[in-house]
Structure formats: structure tokens, C-alpha cells
Amino acid sequence: MPELPDVESFRKVLADCAQGRTIRRVEIRDSGVLHGTSARRLSRDLAGREVQEPERHGKWLVVHTDGPALLLHFGMTGRLVCADADDPPHRHDRILFTLGDMRRPRQLRYRDQRKLQGLWYADDPEAARRLDEQGPDALTVSRADLDAVLAARRGHLKSALLDQSVLAGLGNLLTDEILWQARLHPARTTRSLTEDERAALHRTLRRVLRSSVRAGHVPPRDTWLTGRRDAPGGAPCPHCDIRLSTAPVAGRTTLWCPRCQPEPSP
DNA sequence: GAATATGTTTCGAG
DNA sequence: ACTCGAAACATATT
């Protein structure tokens with residue numbers, strides 16, 4: 001699930017649930033999501049700490065406290081939920097942070113089915129390196145910065161947009177959506193883009209990201225490409241009704257419209 | 001059982 | 001020096 005808009009909604013969950021509150025207790029139900037630390041050390045370090053305003057960069061969430069800062073990455077199946085501390089945990093709740101006052105304690109839960117990513121201390125060398133290598137955040141990237149990162153990259157447009165070190169925050173769904181709305185074929189090369197196409201790409205990227213952030217995820221609207229992803233045997237393009245094409249591009253399932261997004265000329 | 005999945009890193013090849 | 005594709009991570013669903 002998680003791409004930039006999802007992680008942005010987790011940031012809000014974290015802020016509403018925990019900001020300004022004290023962590024009373026940390027329960028690690030599956031230490032498989034911990035990286036570079038142990039369950040014992042994490043709960044010792046965080047107990048009694050106050051949660052401060054969280055930050056997001058790309059798909060990373062930074063949890064600031066008056067003690068150590070944490071980095072969360074949600075992989076493909078992770079999420080953050082706020083629950084009543086008395087509610088029984090979900091099967092995939094890997095870490096429970098109990099917060100705030102004793103009368104009505106809340107619980108922030110890191111839930112993740114596949115455990116592809118997880119939690120790091122912000123000063124962990126591996127995590128710090130990964131965060132350091134991120135490109136500009138896709139939600140706020142300027143036209144000039146987008147042009148600059150694309151100019152520094154060759155190969156397929158889709159693989160560039162998907163690369164977090166080029167631009168941080170886009171995943172497979174968002175990339176397909178943006179390329180379709182900008183009417184650019186995913187296999188176009190970054191170098192082939194004209195001035196007008198780069199302008200359209202930036203405009204579309206902002207528009208798609210803003211409405212997705214508002215919705216908390218990439219909305220599966222009928223008028224968007226995302227709404228047609230799951231149709232068996234290929235769905236019609238919401239623009240022109242021709243059958244959408246599917247093929248792997250940059251190693252990922254890619255959906256595009258052969259009419260609205262013309263094949264790059266070789 | 002097989003294929004697939006909204007993510008990312010690593011490694012070998014071109 | 002870059003870029004690409006495949007494999008690996010762990011688990012559920014179709």
C-alpha cells in the first residue's frame with residue numbers, strides 16, 4: 001500500500017495519536033521488524049519519552065522524541081494505526097506504543113504483514129545512509145529541481161521516477177497514474193522529453209500527489225488509471241476507451257494507454 | 001502448487 | 001560510471 005500519500009497519512013495518524021504525549025510502554029510482538037537494535041533496548045530507550053512533531057521524506061517517516069529519533073519504513077504492506085490500548089491487537093501488529101494518560105491510554109501500532117522494512121534508530125548508519133541517498137521529496141519538488149534530477153538520469157522515465165534516489169515518494173501505482181495523466185509513455189527516455197513535456201510532467205505530478213494526499217492514498221477513481229488496475233483481462237482507458245496495455249517496465253507491472261501515451265519513437 | 005503483490009537493496013552483466 | 005534485470009527479503013491472496 002504505502003507510497004508518499006499513504007506515508008503522509010501515517011504521519012498524521014502519528015501526530016494525532018502521539019504528539020505531545022509520553023510513551024508509557026513499548027511492546028515488541030515481533031522483533032523481526034527491528035533493525036540494528038533489540039526489543040529490550042528499544043523499550044528501555046523510549047519509555048518515558050515525549051513524542052514530538054513527526055516528519056516525512058519520501059516514504060520515510062521520522063519519529064522525533066525528546067530522546068532518540070526513530071525511522072519507519074512501511075515496505076509494501078506496513079501501516080500505522082491508532083487504537084484504544086484496550087483493543088485487542090491485530091495479528092500483524094508488530095510493535096505497540098502505549099501513550100499518554102492512564103485514564104484513557106491510546107496505542108500507536110506498527111502493523112505489517114510482510115515485514116519487508118521496519119524500524120531503525122535515526123542514527124543507525126544503514127538507515128542514515130538510506131535517508132541520505134533520497135532524492136527531493138516528490139510532493140514539494142520544484143520544476144527546476146525535477147528538471148535537474150531528470151537531466152542527470154538516462155534510461156526509461158518510469159525507472160527514473162520510481163528510483164527513490166532520483167525522486168522520493170513515488171511507487172508503482174503513482175508513477176503509472178502520473179505518466180498516464182501526463183500522456184507520457186512509461187518507456188520514454190528521460191532524455192527524449194521536450195520542454196513542454198517536462199512542464200506537463202511537473203504539473204501533473206503536483207496535481208496527482210495533492211489529491212492523493214488529500215485522500216490519504218492513490219484514490220481508485222473511475223476517471224483515474226488506478227481505478228482500472230484490477231479489471232481482469234485489461235480494462236478500457238478512462239479517456240479514450242481503448243483497451244489498456246500491461247507489461248513489465250522497470251521490473252514492475254505497468255499499465256498504460258497505447259493511444260493516449262504513444263510509444264516512444266526509436 | 002503457481003503466480004502475483006502499492007518496496008528496496010544487492011549483484012552481475014552489458 | 002551508469003543502467004538494467006534478476007534475485008532476495010517474508011507472507012498473504014487468487
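Lettering of chains follows the sequences in order, A, B, ..., and the numbering in each one begins at 1.
Among A/Asp163, A/Thr190, A/Thr254, the one residue that satisfies the side chain to side chain donor-acceptor pair (under 3.5 Å) test with A/Lys158 is A/Thr254. Shown are A/Leu80, A/Ile95, A/Asp93; of these, the side chain to side chain contact (heavy atoms under 4.5 Å, CB included) with A/Arg111 is made only by A/Asp93.
As a member of the Ile/Leu/Val/Met/Phe/Trp/Tyr network built from side-chain separations under 4.5 Å, A/Trp120 groups with A/Trp60, A/Val62, A/Leu71, A/Leu131.
Salt bridge status for A/Arg94 with A/Asp112: absent, with no side-chain N to carboxylate O gap under 4.0 Å.
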Filtered N/O pairs between nucleotides 2-6 of chain C and protein, under 3.5 Å:
from: C/dT3; atom 1: OP1; to: A/Arg154; atom 2: N; distance (Å): 2.6
from: C/dC4; atom 1: OP1; to: A/His156; atom 2: N; distance (Å): 3.1
from: C/dC4; atom 1: OP2; to: A/Arg153; atom 2: NH2; distance (Å): 3.4
from: C/dC4; atom 1: OP2; to: A/Ser159; atom 2: OG; distance (Å): 3.0

N/O to N/O distances under 3.5 Å, protein versus nucleotides 8-14 of chain C:
from: C/dA10; atom 1: O4'; to: A/Arg114; atom 2: O; distance (Å): 3.0
from: C/dA10; atom 1: N1; to: A/Arg114; atom 2: NE; distance (Å): 3.1
from: C/dA10; atom 1: N1; to: A/Arg114; atom 2: NH2; distance (Å): 2.5
from: C/dA10; atom 1: N3; to: A/Arg114; atom 2: NE; distance (Å): 3.1
from: C/dT11; atom 1: OP1; to: A/Lys115; atom 2: NZ; distance (Å): 2.7
from: C/dT11; atom 1: O2; to: A/Gln113; atom 2: OE1; distance (Å): 3.3
from: C/dA12; atom 1: OP1; to: A/Arg91; atom 2: NH1; distance (Å): 3.2
from: C/dA12; atom 1: O4'; to: A/Gln113; atom 2: OE1; distance (Å): 3.0

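Taking a pair as Watson-Crick or G-U wobble with both distances under 3.5 Å, the runs of three or more consecutive pairs in DNA chain B are B:2-5 with C:11-14, B:7-14 with C:2-9.
For A/Arg41, the CZ atom is densely surrounded, since the number of other residues' heavy atoms within 6.0 Å is greater than 12.
Inspection of the A/Arg130 and A/Gln117 side chains reveals an N or O donor paired with an N or O acceptor under 3.5 Å.
Partners of A/Phe74 by ring pair (Phe, Tyr, Trp, His ring centres under 6.0 Å), not counting sequence neighbours, listed by chain and number: A/Phe10, A/Tyr110.
Rounded to whole Å, the P atom of C/dT3 lies 24 Å from the corresponding atom of B/dT6.
Taken residue by residue, residues 183-195 of chain A places no heavy atom nearer than 4.0 Å to DNA chain C.
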